[in-house]
Amino acid sequence: GGKALPVQGDATKPERAADVTGRAVAAFGRLDVLVNNAGSLIARTPIADYSDEYLDAVLDLNVKQVVRFVREAGVQMRRQGGGGSIINLSSIAARHGGGPGSVIYAAAKGFVATATRGWAKELAKDRIRVNAVSPGVIMTPFHERFSTAEQLAAMQAMIPMDRLGTAEECVGAFLYLASQQMCGYVTGQIIEVNGGQYMP
């Protein structure tokens, strides 16, 4: 019974955050929830192979565009009179430094987790809640692309629930954080969805 407006584009382009936000507001009249879900490992890359192009690619996708979308959403939510929910995507990699060749990605997700707390403080006076979801090993095209069967088996061995997660098992965290009724007094939090692999 809801309405959807698909808007395609490269999230790393500096103009996209304002464009997507503007289109959403034009279509629906306001912006209540932002989910910053775009991100990627780019490639498993050891230290010796860090090129400037690789660093730019990881940071453009996992850091810079997140900042731009938070800026645009924060400005729009304030313009509406305040209130709203911003949900960023961190990762269990931010907690332990990442697996082989994923250190820069893990560090980028660590930036997201730290910035989430800072933005939560800055936007609290406008009743804008800023939180993050931190998935563990979730079987999506991400791991199909970047992880071998042997790597996945090693990851599973470290999970108390002894299985890999699914995208559907992350949905509840997003619904909770998006809901003013359920989550109105929660901000600056990182919700871990990882089968017990990391327990803060």
Side-chain angles (χ1 to χ4, degrees), residues 5-24 31 33-76 85-120 123 130-148 151-152 155 164-167 170-171 173-174 177-178 190-194 198:
L5 174 70
V7 180
Q8 291 183 314
D10 183 347
T12 65
K13 301 299 182 185
E15 67 276 7
R16 292 305 288 163
D19 177 55
V20 170
T21 303
R23 290 192 191 200
L31 180 67
V33 179
L34 165 69
V35 177
N36 260 326
N37 191 43
S40 177
L41 184 62
I42 305 297
R44 290 194 182 274
T45 306
I47 292 173
D49 295 333
Y50 290 173
S51 65
D52 286 343
E53 292 76 16
Y54 165 72
L55 294 173
D56 287 343
V58 175
L59 298 178
D60 284 348
L61 181 55
N62 296 288
V63 171
K64 291 183 181 180
Q65 65 88 13
V66 173
V67 174
R68 293 188 190 108
F69 271 96
V70 169
R71 177 191 64 204
E72 297 301 324
V75 168
Q76 175 60 34
S85 174
I86 295 174
I87 307 170
N88 298 316
L89 263 289
S90 184
S91 168
I92 194 171
R95 298 291 197 171
H96 58 56
S102 67
V103 173
I104 304 303
Y105 168 80
K109 290 302 186 178
F111 169 93
V112 171
T114 299
T116 292
R117 297 182 180 102
W119 289 325
L123 294 172
V130 187
N131 295 284
V133 175
S134 178
V137 187
I138 307 298
M139 281 311 299
T140 65
F142 179 102
H143 281 293
E144 293 169 9
R145 178 178 178 189
F146 297 118
S147 302
T148 65
Q151 287 171 323
L152 290 171
M155 293 176 199
L164 307 180
T166 68
C170 296
V171 171
F174 289 99
L177 292 174
I190 314 297
I191 296 185
E192 307 286 344
V193 184
N194 58 41
Y198 177 82

What distance separates [X] [atom1] from [Y] [atom2], expressed to the nearest 0.5 Å?
X: Ile104; Y: Leu41; atom1: CD1; atom2: CG; value: 10.5 Å
X: Ile42; Y: Leu55; atom1: CD1; atom2: CG; value: 11.0 Å
X: Ile138; Y: Thr166; atom1: CD1; atom2: OG1; value: 6.5 Å
X: Ser147; Y: Met155; atom1: OG; atom2: CE; value: 4.0 Å
X: Leu31; Y: Thr21; atom1: CG; atom2: OG1; value: 6.0 Å
X: Glu144; Y: Leu152; atom1: CD; atom2: CG; value: 9.5 Å

What are the two closest heavy atoms between [X] and [Y], and how far apart are they?
X: Arg44; Y: Pro100; answer: NH1-O, 2.8 Å
X: Ser134; Y: Ile190; answer: CB-CG2, 3.6 Å
X: Asn194; Y: Gly136; answer: CB-CA, 3.7 Å
X: Gly74; Y: Ile86; answer: N-CD1, 4.3 Å
X: Tyr54; Y: Gly101; answer: OH-O, 3.9 Å
X: Pro135; Y: Cys170; answer: CB-SG, 4.3 Å

- Task: Could you list the residues that satisfy ring pair (Phe, Tyr, Trp, His ring centres under 6.0 Å) with Phe146, not counting sequence neighbours?
- Result: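 Ring pair (Phe, Tyr, Trp, His ring centres under 6.0 Å) check on Phe146 returns Phe142.
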[X] versus [Y]: any side-chain heavy-atom pair under 4.5 Å?
X: Leu89; Y: Val112; result: no
X: Ile87; Y: Asn131; result: no
X: Val66; Y: Phe111; result: no
X: Val67; Y: Trp119; result: yes

- When you check the side-chain N and O atoms of Thr12 and Gln65, is any donor under 3.5 Å from an acceptor?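 No, because no side-chain N or O of Thr12 sits under 3.5 Å from a partner of the opposite role on Gln65.
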Is there a donor-acceptor contact under 3.5 Å from the side chain of [X] to the main chain of [Y]?
X: Ser90; Y: Lys109; value: yes
X: Arg68; Y: Arg16; value: no
X: Asn62; Y: Val58; value: yes

- Message: I'd like to know whether CG of Leu5 has more than 12 heavy-atom contacts from other residues, nucleotides or ligands below 6.0 angstrom.
- Response: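 Yes, because the 6.0 Å sphere around CG of Leu5 holds more than 12 heavy atoms from other groups.
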